[in-house]
Each structure stands twice: as C-alpha cells, then as structure tokens.
2 protein chains.
Amino acid sequence: MLFAVGEDLHAVATARLRRVDQRYTSGRRVLVEALVEAGRPVTTAELVASRRELPQSTTYRNLAVLEQAGVVRRVLGTDELARFEVAEDLTGHHHHLVCVSCGAVEDFEPPRRVEQTLADAVGRLRTRTGFRAEAHRLDLLGTCGSCAE
Amino acid sequence: MLFAVGEDLHAVATARLRRVDQRYTSGRRVLVEALVEAGRPVTTAELVASRRELPQSTTYRNLAVLEQAGVVRRVLGTDELARFEVAEDLTGHHHHLVCVSCGAVEDFEPPRRVEQTLADAVGRLRTRTGFRAEAHRLDLLGTCGSCAE
DNA sequence: GATTGTAATAGGAACCGTTCTCGTTCTAGG
DNA sequence: CCTAGAACGAGAACGGTTCCTATTACAATC
C-alpha cells in the first residue's frame with residue numbers, strides 16, 4: 001500500500017482517523033499537507049512557522065492524534081527536538097541521514113540488498129530476554145552539505 | 001581497541017579526558033562505573049537513583065563532559081528521555097533493541113553479515129545533497145519481555 | 001433551517017527534563 | 001602548605017511539550 005501525494009493520501013488519513021474515532025478536520029489536513037510539502041522530517045517549530053493556520057497547541061495535539069492513528073510518525077535525530085514525517089506506508093519505506101552537527105534530517109533509500117538483509121535479521125531475532133522485534137530503524141550519521149562547507 | 005571492564009577502561013577515560021583538558025575525577029569515575037554496571041543504555045534519572053554520590057546537576061554536567069571526551073555516548077530510544085552508555089569503542093560495536101511500549105533499551109549484536117552489509121552501504125554513500133555518512137545506527141523496534149506479558 | 005450534544009480548537013498556564021548560576025570544595029602544581 | 005583554577009552541588013531558570021478550559025465548529029436530529 002503506497003500512495004503518491006494526492007487525494008489518496010487524504011482518503012487513507014480519513015479512514016485511519018475514523019478507526020480511532022477521530023475526524024480528519026481541515027486543521028489536520030493542513031498539518032498533513034505541510035508534512036508532505038516538507039518532504040523530510042520536520043520539527044514542530046518548523047510546522048508552526050510554515051502555516052499561519054497552525055497554532056502551537058493544536059499542532060502538538062494533532063500530531064499526537066495523527067501519530068496514534070498511524071498517519072504520521074515521530075522521528076528521532078541527534079538533538080532533543082521532536083521531528084515528524086508522514087507514515088512510511090504512505091510514502092514508502094526509507095531511512096534517514098542525520099546530521100550530527102546541526103541535527104537536520106533528510107530521507108534516503110538504501111540499496112535493496114541492504115534492505116533485504118535487515119528484514120531477514122529482524123525476522124529471525126528473538127532474544128533470550130523475550131524481545132520481539134517488529135521493525136528496524138537505520139540511520140546514517142554524518143555531516144550534511146551545509147555543515148560541511 | 002576494545003577493553004574488558006576493568007582498569008584499562010579507566011586508563012582510557014583518563015587519557016581521553018586529558019585530551020580535552022578535563023580530569024577524571026572520582027565523581028566521573030563513579031558515573032562511568034554506574035554505566036558499566038548497567039550494561040545497557042540508562043536514563044539520567046536511573047543514574048542519579050543508582051548511587052547516592054551522583055547529584056543531578058553533577059551527573060548532567062559530567063555526562064556532557066564525558067560525551068564530549070568520547071567516553072560515553074547518548075542513545076535515542078522512542079521516548080523523550082536521554083539515555084547514555086559507555087562509548088562503543090570501549091565496549092564493542094553493537095546495536096539496540098528499543099521497546100516501543102515502555103521505551104527501555106537493551107544491547108544486541110547482529111550477525112556479522114548484517115554488519116558487513118551496513119558498513120559497505122555507509123562507505124559508498126554520498127548523496128547529491130552532499131551528505132557524508134560516517135557511521136550507522138541500527139535499532140530494532142519491538143516489544144520487550146516485560147511489556148509482552 | 002434551528003437545536004443540541006459532541007468533538008476540535010486555541011490561548012495560555014503548567015509540567016518536567018535539562019541547563020545554568022554561583023558560592024563552596026577539591027586538587028594539582030609551585 | 002598555599003594558591004589558582006577546576007569540579008562540585010543545590011537550587012533557580014529555561015524551553016520544548018503537554019494540559020486546562022472556555023470557545024467554536026460540526027453533524028445528526030427534530
């Protein structure tokens with residue numbers, strides 16, 4: 001299940017919110033559109049700044065609602081700021097490049113072979129402490145273009 | 001360069017701190033020992049609670065110093081709490097199992113093949129945005145033993 | 001097309017993990 | 001020993017995030 005940016009995305013968002021008894025209001029739609037437009041994980045501050053219709057408190061609340069509904073996902077970088085992106089199954093599985101200098105995060109899709117190896121490892125893992133792996137998270141840490149200059 | 005838990009570790013800590021003009025004081029030593037004893041990434045709250053000789057402010061300050069000196073490393077889970085562990089080159093390269101339910105983090109060492117694939121990918125990466133990868137971070141997300149019960 | 005109950009909104013207060021301040025204590029070097 | 005600079009520790013301050021609550025929008029029913 002993978003959607004291009006368009007109407008489908010909003011239809012899925014509507015459905016997923018309904019599953020948890022929530023509405024896909026115009027404010028939430030604006031939020032999702034801002035995330036899509038960014039094309040990379042963005043901080044709440046960036047979101048609030050990007051659209052006048054996004055007051056801080058509503059943005060935080062709606063990000064929480066959308067996260068719970070599985071429409072957006074929280075992303076961790078190296079700094080303490082929370083970043084959000086549209087959920088992976090709506091935009092395609094990918095990983096992140098994290099700048100250790102400024103904290104910026106951008107998307108990146110690894111070679112299929114890497115992906116396959118990781119998926120296998122996750123599938124096989126069952127530790128003696130009873131941990132059950134369900135997904136993997138791979139980040140490459142380094143220096144982004146603007147920090148390298 | 002890989003050390004068992006023992007005197008060596010403290011010698012290296014001393015040397016690395018000296019490199020950034022810092023001392024390996026008794027308080028800092030207690031901190032490192034608490035981290036070693038934990039054997040997994042722990043929160044500052046856990047550290048402060050674990051030893052009476054670790055007041056909050058000093059713990060935070062010394063974690064920052066030790067991180068800068070390359071003796072400890074900050075680890076991100078899924079919650080907002082900062083967790084710390086002894087730097088990888090002192091304990092061996094490894095990855096983390098992150099419980100999506102309670103946020104707990106434990107160590108885990110992947111099969112050599114996975115590791116090799118990742119190292120290759122990092123080595124090859126150079127995106128058109130100029131990102132330069134230096135390291136990778138692989139976490140397996142799932143449910144820990146006590147949350148699964 | 002009013003009514004009415006429920007959900008969403010938005011401003012600001014509160015919260016809490018973290019960082020800073022500053023007076024005190026320690027320590028290495030002279 | 002003495003002293004200057006480093007480290008310490010208690011508490012204040014900070015800032016990102018969450019919570020509170022009055023207000024507004026919505027959707028279903030009369």
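What you see below is based on every heavy atom in this structure, not just the backbone, and it leaves out hydrogens, waters and symmetry mates. Chain letters run A, B, ... following the sequence lines, proteins first, then strands; residues in each count from 1.
- The interatomic distance linking B:Arg23 (CZ) with D:dA6 (C1') rounds to 4 Å, in whole Å.
- As rounded to whole Å, 15 Å separates atom C1' of D:dA7 from atom CD of B:Gln68.
- For the pair B:Gln22 and B:Gln56, both in contact range of DNA chain D, the more 5′-proximal nearest nucleotide belongs to B:Gln22.
- Across all strands, B:Ala64 comes closer than 4.0 Å to no nucleic acid atom at all (heavy-atom distances).
- Side-chain N or O atoms of B:Glu46 include one that pairs as donor or acceptor with a backbone N or O of B:Thr43 at under 3.5 Å.
- Computed from coordinates, the B:Arg52 CZ to D:dC8 P distance equals 18 Å when rounded to whole Å.
- Salt bridge status for A:Asp107 with A:Arg40: absent, with no side-chain N to carboxylate O gap under 4.0 Å.
- In terms of phosphate contacts, B:Asn62 brings no side-chain nitrogen or oxygen within less than 4.0 Å of OP1 or OP2 of D:dA7.
- Computed from coordinates, the A:Phe84 CZ to D:dG16 C1' distance equals 11 Å when rounded to whole Å.
- Atom CG in A:Leu63 sits about 16 Å away from atom C1' in D:dC19, given to the nearest Å.
- Protein chain A contacts DNA chain C from C:dA7 to C:dG12, reading 5' to 3' and using non-hydrogen atoms of the protein with a distance under 4.0 Å.
- Atom-to-atom, OH of B:Tyr24 to C1' of D:dC8 comes out at 17 Å; the value is rounded to the nearest Å.
- Heavy atoms of A:Ala45 sit nowhere under 4.0 angstrom from any nucleic acid atom.
- Put simply, the side chain of B:Thr25 and the base of D:dA7 share no donor and acceptor less than 3.5 Å apart.
- Remark: the backbone N or O of B:Gly70 is paired with a side-chain donor or acceptor of B:Arg16 at under 3.5 angstrom.
- Summarising the geometry, the separation between CG on A:Asp21 and C1' on D:dC26 is reported as 16 Å, rounded to the nearest angstrom.
- With rounding to whole Å, B:Tyr60 atom OH is found 15 Å from D:dG9 atom C1'.
- With hydrogens and angles left out, the side-chain atoms of B:Thr91 and B:Glu85 include no donor and acceptor closer than 3.5 Å.
- No donor-acceptor distance shorter than 3.5 angstrom exists from the side chain of A:Arg74 to the backbone of A:Arg83, with no hydrogens or angles considered.
- Remark: B:His96 engages B:His94 in a ring-ring contact (aromatic ring centres under 6.0 Å, His included) (not counting sequence neighbours).
- Heavy-atom nearest nucleotides on DNA chain C were determined for B:Arg83 and for B:Arg61, and the one closer to the 5' end corresponds to B:Arg83.
- Taking the ring centroids of A:His95 and B:His136, they lie at or beyond the 6.0 Å cut-off.
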